[in-house]
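What follows is a single structure, written as structure tokens, with notes after it.
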Amino acid sequence: MQYNHQEIEEKWQKFWAENQTFKAENNSKKPKYYVLDMFPYPSGAGLHVGHPLGYIASDIYARYKRHKGFNVLHPQGYDSFGLPAEQYAIQTGQHPAKTTEANIATYRKQLDKIGFSFDWSREVRTSNPEYYKWTQWIFTELFNSWYNRDTEKAEDIATLEKTFNISGNTAVNAVSDEGILLFSAVEWQAFSKTTQEEILLQYRLTYLSDTEVNWCPGLGTVLANDEIVNGVSERGSHPVVRKKMTQWSMRISAYAQRLLDGLETIDWPQPLKDSQTNWIGRSQGAMVSFQVANGVEKTTAEIKLSYKELESLKVLRQNLSKAETVLWDELKNKKGAAKFRKKYTIGSFLVDYVCLAKNIIVDFSGKEDEAARTTYFANEGFNVVRFSNEAVIENVLQVVSKINAAIQFPKAIEKSATIAAVKLVADPFKIDVFTTRPDTIFGVSFMTLAPEHELVSKITTAAQKGAIETYIKATAKRSERDRMADVKTISGAFTGAYAIHPFSGAKVQIWIGDYVLANYGTGAVMAVPCGDQRDYDFAKHFDIPIPNIFENVDISEAAHAGKDGTKIANSDFLSGLKYKKAIKLAIFEMEKRGFGYGKINYRLRDAVFSRQRYWGEPFPVYYKDGMPQMIDVKYLPVVLPEVEKYLPTEDGKPPLGNAIAWAWDSRAKKVVGNEKLKNKTVYPLELNTMPGWAGSSWYFNRYMDATNTGAFASKESLEYWKEVDLYIGGSEHATGHLLYARFWQKFLFDKGIVPVDEFAKKLINQGMILGTSAFVYRATAFVKNGCSTEKSNDDVLDKIPTVLVSKNLFNSDDEFEAVVKNYLLDKGFLNPNFADLVMLVKTPIHVDVSLVNASDDLAIEAFKNHALNTEYKNAEFILEAGVYKVGREVEKMSKSKYNVVNPDDIVAEYGADALRLFEMFLGPLEQAKPWKTSGISGVYSFLKKLWKLYFNEAVFEVSKEKATKEELKVLHKTIKKVQEDIESFSFNTSVSTFMIAVNELTALKCNKRSILEPLLLLLSPYAPHISEELWRKLGNKESISAADFPVFDAKHLVESTKNYPISFNGKMRFTLELSLDLSKEEIEKTVLEHEKTIAQLAGASLKKVIIVPGKIINIVA
RNA sequence: GCUCAAGUGGCGGAAUUGGUAGACGCGCUGGAUUCAAAAUCCAGUUUUUUCGGAAGUGCGGGUUCGAUUCCCGCCUUGAGUACCA
């Protein structure tokens, strides 16, 4: 009986679908295992042979785990919102839902043919309202949350409002917008509702704000940073510009540190972790303030802190000095009336600690404005207790007891009459910089501000005004891309102003330059030319001094960026220290002297969440008095409205602006026609939609309970499945999907919605399958210039046909030309008189890979008749040995390169089992590797050989006889290897193992049931159809998928002899069969007496004999 | 520039803790079968050789009885990132 893959595969695919063989149970006594593939976007082009690679690997693992007794969840679905369907809709007017539906149908058909064990009863589609209802709900949850730095988690916004009502926002330690107004409880209560909402918006985890966004005019939408590659859009490669727009953003920056820390706990590929670490971009250093010489800010009479000061206050709370920490550890535990707060503002003064109930201020002594503080605090009715740093560190308990005494016995306060003393001291301008190398602060010889820096206009001297303005104008003209492309040109201008070095007091020049980015850090740098190459180049270019602060380092040619092993010099108290110690000491001194503090900076920015597109999740948001309002989960989903066209409106609004029914009736709680907007209780709905990553950031949780209508998933199912155990997908998602999904998971975890804060325990990036492109080499003829002829060039060229040259006929362009020329002369296409005038240039042309066989021979007639090759219909072929050999090159699989292979064709010709085996056989899962269809014949003949083992000619026949020792050895060797391979995800080697097993069993003429039955179980994860068929033929009634994996028994592999390799000086020279019972001495004796040993030694003296029993014998001469 | 990964026959790749380098498959060569082809089966296939051997895992060095594997330096290719202070 012949192996008929088409019949068998169709039969079993139907069986699995009808019997729901792979449906996972949410209630099971078996241990759970969750295997997931990254969410596919159903593109119109369908699958090529590279797409199923990861799916096959995960399917093998899922099937293996079922054999091992696990309750396996292995679902599949579609990330079905997205740009391509919408772009297609714009071009053709077809509704994206329709094209998406059609694409999914194609996709599904293709997937089904490969025999995956997906539980399709759990399929989800992000564009289904039943699904995006919950995406909208998560959005409202984010909106109703803020990030509490004290508890390090997201909390309900109500807890924040409560705090505001009790004590204002000064003591709140939250992640928020920059520059927040400080207010007291009384002030909060006095604010209008709208003002309160505006303030809350600055704290919410998703918020509306005017932000600089990446606007892509080509797509008519904004893009997130990860959607831009090399300055152009990832989809379609359109240019991107910076633009200020009101947009929804996600406060992912709140989770920067936790996203970093979480990487330690998950088993993901190192390169992927590295790229996330890189993207988050944590840098540890210091914030340092430089005063501007003579620059004075306007005096304000108002006793309120500026936004900037408030910001630094928040940071100060995070960066306590040692003494402050020690004392705080004692004070913070006080409860009730004696409760202390740290770094609190009283009037315009920042006090170290305060107990508001008892009117006690605890302050460190030695502050410059101590007298003014004392006066002010006394007038406000506070008792002030002062301690030195040293006193706290030496004996904190004594300090605490003094504070307790002050609480119990407050001093009578003498109110001073001189209230006028509370005038603010005029603040000079200062420039804040962030540096990762505070140890090099004595190397600062100038400062550079970004041209956009707010201080530039204020500090520029009259003399330099012209130069600065010219420079700013020039940089503004350059686009972001130009600035990125041109890193070499050094440009800048001097402001004429000077800053005071905070340690040395020296005057340093203040410059502006566009190598400093306005939107990173503070938009200003302290330039250390001896230690930073960009500062060095800048200083050299503008002739600014380059002081050397490194011991024994030459900086005459370049800056010295190395830090290990270099000692700091010429740096006052830092001299002689290595960088680690110097950094610590520098920060310590800055904090002590009050102009700087240690700080951690992150590169990660908040993610823009609005898209000006149609085909995405609508926001569950309407606007009342201009303020966004969330729609309650009870009334979700807010369904995407129909529109006439998918383009922006004439006045530039997003496509949803075209909808005629897009208003929210807040009474009826439903979407109504726009004409009702004149009613008082009807409000406009949000016109933006959510980005592609919204739906994919939580879908793995939905699969756990995909059809639940009452919750995004039930508590029980979330608790049972917990997280994905194995997640397989491409590395292109490293900084997009995988970072956002981790962020949402942590948020949902904080809110107690999901039980784990990392959604995927183990992740594998499958490598790309590349195409093997085929080329023919065309000769293009030219007539050389400069030689005048009576005949026109065209006459000569007209006679020359298109010529294609077989690959191995030339090694160089010159040889190529010679070959073609000889051919043309031979055949009379070229008049010998003009031969010298004609030049022939080689042009490689892609040819469709389906026209080439395994030996790289081109099917010439098929090539000529191919639809794409009409211009070669009459081409001449220069052959080698009667055939035309094509050139081969490995490239990305793409339509334009004619190297795309469709899995459907492979399945039709060789079967799904062969496809599955071959994809695995190509090489290690994680590696990129080229596809060459010819190789599949190897696995196909393997399947035929396997089939034959179960047949005696045409009859299915297995024997009940006892297996021989040899046969058992083959089986158990295979069990061991295959099990190890699957568990270490090296699927390629198990395919070889199967081949070896079948080759050996064929040689042994084995047809024993006791060998052939377990063999099917080993193979079943890889080639499930043929295994099911033979399993059934063996008389089994149940599907093979539920049967137990065979158990390896080491006793079958025990050997009595070993074919020892005999090495001389480490080189193997011959082998010798020896009993494993022999002692070392006996082995040595036998080997040394052997004639080949004597011949090999050839009289040389023996130095040493190394014997590793069971492994090797090495003779050293 | 920085970070990471990888370099083994004509090709994809194997060698899991340092122990017989090139398993398995493709391709190629020769043979059997066939009128012929496909399919199938058998033998061979790193290089070199005076047919005894000898050399060989990107290059140069080191550790070791022994290195594709560990260490140091370099070269090449690929991926990510990029004026990040």
Side-chain angles (χ1 to χ4, degrees), chain A residues 229-230 269-279 281-283 285 433-437 440 448 483-484 486-488 490 513-517 519-528 531-535 537-538 561 601-603 731-732 734-735 765 767-768 772 853-856 888 890 917-918 921-924 926-942 944-945 948 977 980-981 984 986 988-996 999 1059-1071 1095-1096 1103-1108 1110-1117:
Chain A
V229 178
N230 296 327
Q270 199 53 42
L272 197 161
K273 288 188 184 182
D274 289 346
S275 97
Q276 290 211 350
T277 307
N278 216 321
W279 193 261
R282 181 187 204 263
S283 51
V433 296
F434 177 73
T435 175
T436 54
R437 295 292 303 274
T440 62
T448 316
R483 265 170 87 162
M484 266 169 64
D486 178 23
V487 183
K488 296 247 161 61
I490 296 160
D514 67 5
Y515 79 95
V516 177
L517 304 177
N519 53 7
Y520 182 76
T522 61
V525 299
M526 58 173 228
V528 184
D532 181 289
Q533 195 56 43
R534 284 158 306 150
D535 295 343
D537 295 340
F538 196 86
N601 234 19
Y602 298 93
R603 198 177 70 117
S731 55
E732 67 274 16
T735 48
N765 284 132
M768 214 190 309
T772 312
N853 75 3
S855 312
D856 294 350
R888 290 287 201 172
V890 172
L917 284 168
F918 186 54
F921 187 61
L922 282 177
E926 300 92 331
Q927 232 169 68
K929 56 240 157 197
W931 174 276
K932 235 180 142 180
T933 304
S934 55
I936 203 168
S937 63
V939 293
Y940 190 59
S941 48
F942 154 74
K944 285 191 284 190
K945 257 193 214 171
K948 272 194 197 158
K977 176 80 175 137
E980 280 168 3
D981 282 347
S984 60
S986 63
N988 54 327
T989 47
S990 17
V991 180
S992 311
T993 307
F994 291 132
M995 290 175 174
I996 293 167
N999 288 345
N1059 195 20
Y1060 277 99
I1062 315 295
S1063 304
F1064 291 80
N1065 297 322
K1067 295 265 174 209
M1068 203 280 289
R1069 291 308 176 215
F1070 61 93
T1071 57
Q1096 192 61 232
K1103 285 200 187 119
K1104 204 172 174 185
V1105 178
I1106 286 147
I1107 294 163
V1108 185
K1111 281 240 159 116
I1112 197 171
I1113 295 154
N1114 190 17
I1115 296 162
V1116 187

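Not measured: the values here are computed from a predicted model. Naming: A, B, ... by sequence-line order, numbering from 1 per chain.
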Touch class at under 4.0 angstrom, heavy-atom based, for A:S984 against every strand present: nothing

Among B:rC24, B:rG13, B:rC4, which is the nearest nucleotide to the side chain of A:P271? B:rC4

What interatomic distance, in whole Å, is found between C1' of B:rC26 and the corresponding atom of B:rA14? 15 Å

Picking from B:rA21, B:rC41, B:rG19, which would you name as closest to the side chain of A:M1068? B:rA21

A:S934, nearest nucleotide to its side chain (from B:rA55, B:rA82, B:rC26): B:rC26

For the atom pair OH (A:Y602) and OG (A:S283), what is the distance rounded to the nearest 0.5 Å? 9.5 Å

Base, sugar-phosphate alone, or nothing: which one does A:I996 contact when heavy atoms must sit under 4.0 Å apart? sugar-phosphate

Of the listed nucleotides (B:rU81, B:rG19, B:rG13), which one gets closest to any side-chain atom of A:W279? B:rU81

If you round to the nearest 0.5 Å, how far is CD1 of A:I1112 from OH of A:Y1060? 10.5 Å

Which one is paired to B:rU81, where only Watson-Crick or G-U wobble pairs with both distances under 3.5 angstrom count? B:rG1

A:D274 atom CG is separated from B:rG78 atom P, nearest whole Å, by 21 Å

If we call it a pair only when both distances are under 3.5 Å in a Watson-Crick or G-U wobble match, what pairs with B:rU33? none

According to the Watson-Crick and G-U wobble definitions, with both distances under 3.5 Å, which nucleotide is paired to B:rA21? none

Heavy-atom distance under 4.5 Å between the side chains of A:I1062 and A:R1069, does that happen here? no

What nucleotide among B:rA85, B:rG25, B:rA54 has an atom nearest to a side-chain atom of A:N999? B:rG25

Between B:rC84 atom P and A:Q533 atom CD, what is the distance in whole Å? 12 Å

Is the glycosidic torsion of B:rG60 within 90° of 0, making it syn, or is it anti? anti

With sugar-phosphate meaning primed atoms plus P, OP1 and OP2, does A:R282 contact a base, only sugar-phosphate, or nothing at under 4.0 Å between heavy atoms? nothing

Watson-Crick or G-U wobble partner for B:rU68, using a 3.5 Å limit on both distances? none

In whole Å, what separates the C1' atom of B:rG56 from that of B:rU46? 8 Å

According to the Watson-Crick and G-U wobble definitions, with both distances under 3.5 Å, which nucleotide is paired to B:rU47? B:rA54

For B:rG9, is chi within 90° of 0 (syn) or not (anti)? syn

So which nucleotide from B:rA85, B:rC24, B:rG19 ends up closest to the side chain of A:R534? B:rA85

Measuring from the side chain of A:S992 (C-beta onward, heavy atoms only), which nucleotide among B:rU16, B:rA23, B:rG12 has the closest atom? B:rA23

Can you tell me the distance, in whole Å, between the CG atom of A:N765 and the P atom of B:rC4? 17 Å

Scan A:K945 against the nucleic acid and name what it touches under 4.0 Å (heavy atoms): base, sugar-phosphate only, or nothing. sugar-phosphate

Looking only at atom C1', what distance separates B:rC72 and B:rA85, rounded to whole Å? 33 Å

Return whichever of A:Q1096 or A:G923 has its heavy-atom-nearest nucleotide of RNA chain B closer to the 5' end. A:G923

Heavy atoms from C-beta onward define the side chain here; which of B:rC26, B:rA55, B:rU40 lies closest to that of A:K944? B:rU40

Atom pair CZ (A:F1070) and OG (A:S1063), whose distance is rounded to the nearest 0.5 Å: 9.5 Å

Closer than 3.5 angstrom, by distance alone: can the side chain of A:K929 be matched with the main-chain N or O of A:Q927 as a donor-acceptor pair? yes

Rounding to the closest angstrom, what is the interatomic distance between B:rU20 and B:rA15 at atom P? 13 Å

So what does A:D856 hit on the nucleic acid, given a heavy-atom distance under 4.0 Å: a base, only sugar-phosphate, or nothing? nothing

P atoms of B:rG73 and B:rU29, separation to the nearest Å: 47 Å

Value in whole Å for how far the C1' atom of B:rG19 lies from NZ of A:K1067: 13 Å

Is the shortest side-chain N/O distance from A:R1069 to OP1 or OP2 of B:rA55 below 4.0 Å? yes

Can A:T448 and A:Y515 be counted as having a side-chain donor-acceptor contact under 3.5 angstrom? yes

Please give, in whole Å, the distance from B:rG18 P to A:K1111 NZ? 10 Å

Tell me which nucleotide among B:rC26, B:rG19, B:rA14 gets nearest to the side chain of A:S937. B:rC26

Please give the distance between the P atoms of B:rG62 and B:rG52 as a whole number of Å. 35 Å

Could you please name the partner base of B:rG7, counting Watson-Crick and G-U wobble pairs only when both distances are under 3.5 Å? B:rC75

Under 4.0 Å, counting only non-hydrogen atoms across every strand here, what does A:E980 touch: a base, just sugar-phosphate, or nothing? base

Starting at the 5' end of RNA chain B and moving along, which residue's nearest nucleotide shows up first, A:I1115 or A:P924? A:P924

Could you measure between the two P atoms, the one in B:rG27 and the one in B:rU77, and give it in whole Å? 32 Å

Mind calculating the distance between OH (A:Y515) and P (B:rC83) to the nearest angstrom? 14 Å

B:rU40 C1' sits how many Å from A:F942 CZ, rounded? 17 Å

NA contact type, A:T1071, heavy-atom cut-off 4.0 Å: base, sugar-phosphate, or nothing? base

Whether A:N601 contacts B:rC84 is assessed here as follows: a side-chain N or O lying under 4.0 Å from the phosphate OP1 or OP2. Is that the case? no

To the nearest 0.5 Å, atom NZ of A:K932 lies from atom CZ of A:F918 at 10.0 Å

Under 4.0 Å between any heavy atoms, over every strand shown, what does A:A1095 touch: base, sugar-phosphate, or nothing? Just pick one. nothing

Closest heavy-atom pair and its distance - A:F921, A:S992: CE1-OG, 3.7 Å

Checking B:rU40, B:rG19, B:rG80 against the side chain of A:S275 (C-beta onward), the nearest is B:rG80

Please state the C1' separation for the pair B:rC51 and B:rC4 - nearest whole angstrom. 48 Å

With heavy-atom distances below 4.5 Å as the criterion, would you say the side chains of A:N765 and A:E926 are in contact? no

Separation of B:rA85 P from A:F434 CZ (nearest whole Å): 7 Å

